[in-house]
Amino acid sequence: MTAPGSVREGRKVEQTSRMRRPLSRAVSLLVVIAMLASIAVNAAPSGSVRAQAAQTWSAAALAPADAPIFLAVSLDMEGPQWSAAREVLARLGMDAAFDEVIADALREFNVPTGTDPQARPRGLEVAVVVTNGDAFMQEAPSDPAGFVVVIHADDIGPWETGLRQTLQESADEMGGQVTQELYNGVAITTAMPGEAALARVGEALVLGGTAADIHPVIDVYRGDRPALTTTEAWTALQPELPGESLLFGYVDGTIFLGAAREEIVRNEQLRPAGVDIMRLLDGQIAFSLSAMADGLRLDTLVTHEASGDAASPVGGATLGLDASVPADTVLFVNGRDIGQNQIVGLVALLFASGVAEGFGGFAPSGTEASPRGPAEIYARVARVLGFNPRTDVLDQLVGEYGLAVTADGLDPNGLDGIFVSDVGNAVRVADAVSKMAVLINAGLSSSGMGLGLQTREVEGGLLQVLDVPVPDRPVTVHLEFGVVGGQLVVGYGSGLSDYQSGTAGSLADNPRYQAAVQGLPEERDWIVYVDLARLSELAIEAGMTEAMQMPVSEGQPSSSSAESLAVAGYSRGELQGATLILRVPEAEAVGTPTASPAAAPAASGA
């Protein structure tokens, strides 16, 4: 019998060492979680879909209230979620490969597999619970390891038998022994020397690196310690997510952050963004992945303990730029107050830091004299550029903004795009744009390319125009930017001209777009839409990939089966959230990809 942790072909089990996570990897994990959290912040009040009945994750009732990380996956292959997921995977040509992965994993546990549905495990749920953030974050191996794996199934017997035999085989191979101890009325079996520990806790199996890892779970089971499900954050976040899902995750940044706060600040690669990363993490995050009849859905919710610190509600005003961009738009972004967006601010701060240090005046990064705060960095950049990117540009980008890209091909001549944003002080932004134009001209002049900015007067303002020929190709990149009619506008190709002249058919009328946004929150602070089907067609036409042309029956991923991707951010009370929908409808349900689609029933408000 084989199972995770067993020794095969003379290979020693290294479960304990694998359970440890180096601090550097933990910091990287923090950055990923921060980016996930940032997807959901800066949102407006919304009437997003609320779950009718929240899914009950059995392992959560055994997780301690102070568990910083909880991650559970449902592997009930005969349940409605996986039935829907397998249909979606089949449309993507990935069902056969996925079945093989699941079969291999189950064989590792010596669980029956095969084509007979009755032979497959039912009600299977596997969860990872971090019980000790400090131990989990240790760079060197620690005792305890800081996390456990919790397994639930309708019939847990075969799992328990297989894992106990695995522990015995591991001990025999290491020349050790299997020992038992009784903790708070629950027997814990350990393979010595310290390979793994296993306990039957109620109707669940709990696997840890050491017996001490399992103690917190037993304490919760016995009622001596509060469970994660009793916390205010859990009861606020988990019921708001879809009622049924394939995967659920919960991260308490206020606990997890404490173990890495100093490292984030000290890490030179994260400076000066460390403070912003910590602010994003200083709360609780919950997310779930669920299957629908026509695709997959990812939901994220964030709550921040520092009220108003990371969220900037803008009043839930309706977005409407989808009615002003072409129907064949393949990439569309629409929102409000982009200058206050934390991702944009983080990128701008990193850029400003690089400019400041590149022009000198700061001590080397990591020294006591190096810049510590964003204000100091932007002040230095202002002395170099003649304007402050934060106060003169970003802080002025208030109100609605949008980005739209159309494509007749994937080469530079086939793309057209427009970015537009309302501004608070048009004179201030126009001054910054003119100074930036001077700097660009100076750079072009010194390059010896014989290029320079031209100007074009339009109703409501002045545009800077730049045409750059691409060497060795019959392609010219055409850019325009300026402040026109109280808006900052940036155009590529004919994007700006098309926007100013208007469009006969709008994206809001496109059936594919309507279907994509239908399941998103009705009121949104921002939305992102990608026409995957059209991009796939263009990629095939350009000969960029042969994989897209492979039949689904060959078991290869078929991105052409994915019709669209749509994401929207929203707010509900003190919670900020985001919903992502990957639409993979049946072939006959695919929407019209034409440039001027016929009008369809009214779309969900964008």
Side-chain angles (χ1 to χ4, degrees), residues 3-5 13-22 25-26 28-30 32-33 36 55-76 101-102 105-106 108-109 121 123-138 141-153 156 159 163 166 188 195-221 227-229 231 233-234 237-238 241 245-253 255-256 259-260 284-289 300:
V13 177
E14 297 179 351
Q15 181 176 4
T16 303
S17 61
R18 289 199 303 268
M19 283 184 169
R20 279 52 173 187
R21 295 292 188 270
R25 293 183 181 178
S28 299
L29 177 61
L30 281 168
V32 172
I33 295 172
L36 184 63
Q55 180 169 348
T56 300
W57 294 97
S58 303
L62 296 176
D66 58 353
I69 299 177
F70 175 87
L71 180 64
V73 59
S74 169
L75 292 175
D76 185 357
V101 169
I102 294 297
L106 294 179
E108 288 289 329
F109 284 92
L124 178 59
E125 172 191 316
V126 180
V128 176
V129 182
V130 174
T131 56
N132 187 321
D134 290 333
F136 182 76
M137 298 283 288
Q138 286 297 316
S142 60
D143 185 4
F147 75 98
V148 296
V149 176
V150 182
I151 302 173
H152 275 270
I156 202 68
W159 298 85
L163 285 172
T166 295
I188 302 177
E195 288 294 337
L198 176 70
R200 173 78 175 262
V201 183
E203 296 303 312
L205 290 177
V206 183
L207 182 67
T210 67
D213 285 307
I214 302 177
H215 292 174
V217 175
I218 296 175
D219 290 339
V220 172
Y221 173 69
L228 179 62
T229 53
T231 63
W234 179 277
L237 293 170
Q238 199 267 343
L241 295 173
S245 60
L246 303 168
L247 178 146
F248 175 84
Y250 172 87
V251 178
D252 190 334
I255 298 174
F256 193 35
Q284 293 81 28
I285 308 165
F287 55 91
S288 68
L289 176 67
T300 303

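Because the structure is predicted, anything quoted here is derived from the model rather than measured. If you read the sequence from its start, that first residue is 1, and numbering goes on from there.
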Value rounded to 0.5 Å, distance of [atom1] in [X] from [atom2] in [Y]:
X	Y	atom1	atom2	result
Thr300	Leu237	OG1	CG	11.0 Å
Ile151	Leu207	CD1	CG	6.5 Å
Trp57	Phe70	CH2	CZ	7.5 Å
Leu198	Thr166	CG	OG1	9.5 Å
Phe147	Thr131	CZ	OG1	9.0 Å
Tyr250	Leu71	OH	CG	14.0 Å

Problem - Ala65: partners by side chain to side chain contact (heavy atoms under 4.5 Å, CB included), with sequence neighbours left out - result: Pro226, Thr231
Practice task
Under the side chain to side chain contact (heavy atoms under 4.5 Å, CB included) rule, collect the residues that match up with Val206, sequence neighbours excluded.
Solution key: Val148, Val150, Val201, Ile214, Val217
How close do [X] and [Y] get, counting heavy atoms only, and between which atoms?
X	Y	value
Gly146	Asp213	N-OD1, 2.8 Å
Gly202	Tyr221	CA-OH, 3.5 Å
Pro64	Pro216	CG-CB, 3.8 Å
Ala286	Leu241	CB-CD1, 3.9 Å
Thr210	Ala197	C-CB, 3.5 Å

Problem - Backbone N/O of Ala72 and side chain of Glu125: donor-acceptor pair under 3.5 Å - result: no
Practice task
Without swapping roles, check the side chain of Asp76 against the backbone of Leu124 for a donor-acceptor pair under 3.5 Å.
Solution key: no
Practice task
Run through Val130, Asp252, Val128, Val129 and flag the one making a side-chain contact (heavy atoms from CB on, under 4.5 Å) with Ile69.
Solution key: Val130
Exercise for the section: Would you mind reporting whether Thr229 and Gln238 have side-chain heavy atoms less than 4.5 Å apart? Expected result: no
Practice task
Not counting sequence neighbours, list each pair that qualifies as a salt bridge (charged side-chain N to carboxylate O under 4.0 Å, His left out) and has a residue in residues 198-208.
Solution key: Glu160-Arg200, Arg200-Glu203
